[in-house]
Amino acid sequence: MHLRVASFGIRALCGEGLKGLSMGKESILVRGNGTLSGEVKISGAKNSALKLMAASILGSGESVIHNVPDISDIAIMSDVLRRLGATVCREDHSLRIDASGVDSFSTPYELVSRMRASISVLGPLIGRFGQARVAMPGGCQIGARKIDMHLVGLESLGVMFEVDHGTLIASTPDGLHGSHVVLEFPSVGATENMLMAAVVAEGVTLIDNAAREPEIVDLCTMLCAMGARITGAGSMSIEVEGVPLEDLHPCEHTTVGDRIEAGTFLAGGALTGGPVTVQGIDPEYLRMAILKLKAMGCDVACGEDYVTVKREGDLIAADIQTLPHPGFPTDLQAQFMLLSALAEGTSVITENVFENRFMFASELMRMGADITLEDHHAIIRGVQGLQGAPVSSTDLRAGAALVLAGIVAEGYTTVYEIEHIDRGYEDYVGKLRSLGADVVRKESEERV
Ligand code: UD1
């Protein structure tokens, strides 16, 4: 028997903002003992598209960004840009952003508190106006998530900061000037904010220990298409030769595929045996995850823009430590913890990027996993099977992993707080159903 599917669609049309978004309390009901097989088309990367949208502020006129996922975080960023004065229109998976009307440099708490990534408008606002007022983001469930490195990096470019009642006020009394910065940690957000200010700073900026994520390369590609001069993107040293703001212009750009969405579906294939093929992703972005899938007993085949995973024998335990790219991504930690939970043997997962990213473990333990947490290590002793249970998404990736757990568990699983999943996965339920899973969105009733 198949469960009835409820359709879900996000429409963020011109000027509509979040109107029409399905933000009600829904849950996902999963029927267990399922399998996943077939092909799934991967959407554009959330973590790239959000920053590409922010970068469009720097080009007065209409930029077009293709392959933008239809997810709630993008709708929030659209609202952030509208609040600044831009026009944002979605046409299928393309966004038309006209930044010529941007006349404000203030982003209020009401928006930043809904999505921490709103802080990525800080760099481009400083680049465009020489000043910015952005509400300070708070922490989030996966850690304190400070912004000290963003501030230190921007200060070296000549930005002065003060905090007024929770709002960060940035000014550039002597203009922006190039500088040599060594980041304490290759922070993705700090690298991006620095890049988006440095492109219009006078002189040359060198960012050492820069983040090397594919999304950084994507941002640099778009900035260069807008007229910026950047070399070294994807390496630990990025050099930016500043140009006058007037030399930056709008552009057309296509977002890279989402390696985390791809890795999530590959984990699903590894979990059930597959074969599952993810289309629209450069396998290079997933090198470490693919190495771990192989170490765990999976067969993996790669083409130019696809990866296929299948597994015939048992899952085998493998240790994992999360690290900045090209290390194992923290955003795939929960999905691989699920694989470890059902693997033969004991695995140790070490979380090095966020200090509090093991909340998923306690939900998985409620389904029968055997996990001990010690500081930032999780010791996972593989069990024979999991049992369906009511569980809660503690964050975006944990939510996606819990749905996968429900697919292989015995019985039914209800995943609550799925608004986290909607932040980053376009039509997750629809894509899983296309691979044969018995999953459905439903209005949440009283929890049992
Ligand atoms: C981005 C991604 C997120 C991913 C993370 C690491 C987006 C919207 N989010 O987040 O999905 O998990 O990269 O790959 O792109 N830190 C500081 N001070 C700072 C900046 C960061 O202490 O000024 C710490 C953070 O608290 C965290 C670590 O550094 O512990 C990594 O953060 P960072 O690389 O900046 O991640 P985000 O850009 O927030």
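Numbering of residues begins at 1 and proceeds along the displayed sequence. Order of appearance sets the numbers: ligands from 1, and atoms from 1 within every ligand. Scope of the values below: all heavy atoms of this structure, side chains included, with no hydrogens, waters or symmetry mates.
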Report task. May I ask you to list the atoms of ligand 1 that are less than 4.0 angstrom from any heavy atom of Arg116? Result -> 39 (O)
Report task. Run the contact test for Glu215 against ligand 1 with a 4.0 Å cut-off on heavy atoms, strictly below, and give the result. Result -> no
Query raised in the report: Is the ring centre of Phe265 less than 6.0 Å from the ring centre of Tyr425?
Result: no
Query raised in the report: Cut-off 3.5 Å, side chains only: do Asp218 and Ser48 have a donor facing an acceptor?
Result: yes
Query raised in the report: Does Asp148, backbone or side chain, put an N or O under 3.5 Å from an N or O of ligand 1?
Result: yes
Query - Candidate with minimal heavy-atom separation from atom 15 (O) of ligand 1, of Lys146, Lys51, Met77 - result: Lys51
Requested in this report: Please confirm whether Glu192 comes within less than 3.5 Å of ligand 1 when only nitrogen or oxygen atoms on both sides are compared.
Outcome: no
Requested in this report: With rounding to the nearest 0.5 Å, note down the distance linking CG in Leu404 to CG in Leu432.
Outcome: 6.5 Å
Query raised in the report: Can you find an N or O of Lys46 that's nearer than 3.5 Å to an N or O of ligand 1?
Result: no
Query raised in the report: Any N or O of Gly189 that comes nearer than 3.5 Å to an N or O of ligand 1?
Result: yes
**Report entry** Parallel, tilted or perpendicular: rings of Phe328 and Phe336 (30°, 60°)
**Finding:** perpendicular
Requested in this report: Return a yes/no value for Phe185: is any of its N or O atoms, backbone included, closer than 3.5 angstrom to an N or O of ligand 1?
Outcome: no
Query raised in the report: Would you say the side chains of Thr322 and Gln333 form a donor-acceptor pair under 3.5 Å?
Result: no
Query raised in the report: Does an N or O from Val188, backbone or side chain, lie closer than 3.5 Å to an N or O of ligand 1?
Result: yes
Query raised in the report: Hey, is Glu184 one of the residues with a heavy atom under 4.0 angstrom from ligand 1?
Result: no
Requested in this report: Go through the steps for His180 and Asp208 under the test side chain to side chain donor-acceptor pair (under 3.5 Å), then give the verdict.
Outcome: CA-CA 8 Å; His180 185 174; Asp208 267 333; 2.7 Å; yes
Query raised in the report: Just which atoms of ligand 1 are under 4.0 Å from any heavy atom in Asp331?
Result: 3 (C), 4 (C), 11 (O), 12 (O)
Report summary line: Of Glu213, Glu215, Glu284, the one forming a side-chain hydrogen bond (donor to acceptor under 3.5 Å, both in side chains) with Arg259 is Glu215
**Report entry** Contact (N/O only, under 3.5 Å) between Phe354 and ligand 1
**Finding:** no
Query raised in the report: Which part of Ala117 is near ligand 1, with near meaning a heavy atom under 4.0 Å away: side chain, backbone, both or neither?
Result: side chain
Query raised in the report: Does the pair Thr264 and Gln335 meet the rule for a side chain to side chain donor-acceptor pair (under 3.5 Å), with working shown?
Result: CA-CA 6 Å; Thr264 303; Gln335 299 86 320; 3.0 Å; yes
Query - Under 4.0 Å to a heavy atom of Val353 - the qualifying atoms of ligand 1, by number - result: 27 (C), 28 (C), 30 (O), 31 (C)
Report task. Give the C-alpha distance, both sets of side-chain angles, the deciding distance and a yes or no for side chain to side chain donor-acceptor pair (under 3.5 Å) between Ser392 and Glu363. Result -> CA-CA 7 Å; Ser392 284; Glu363 292 302 295; 4.6 Å; no
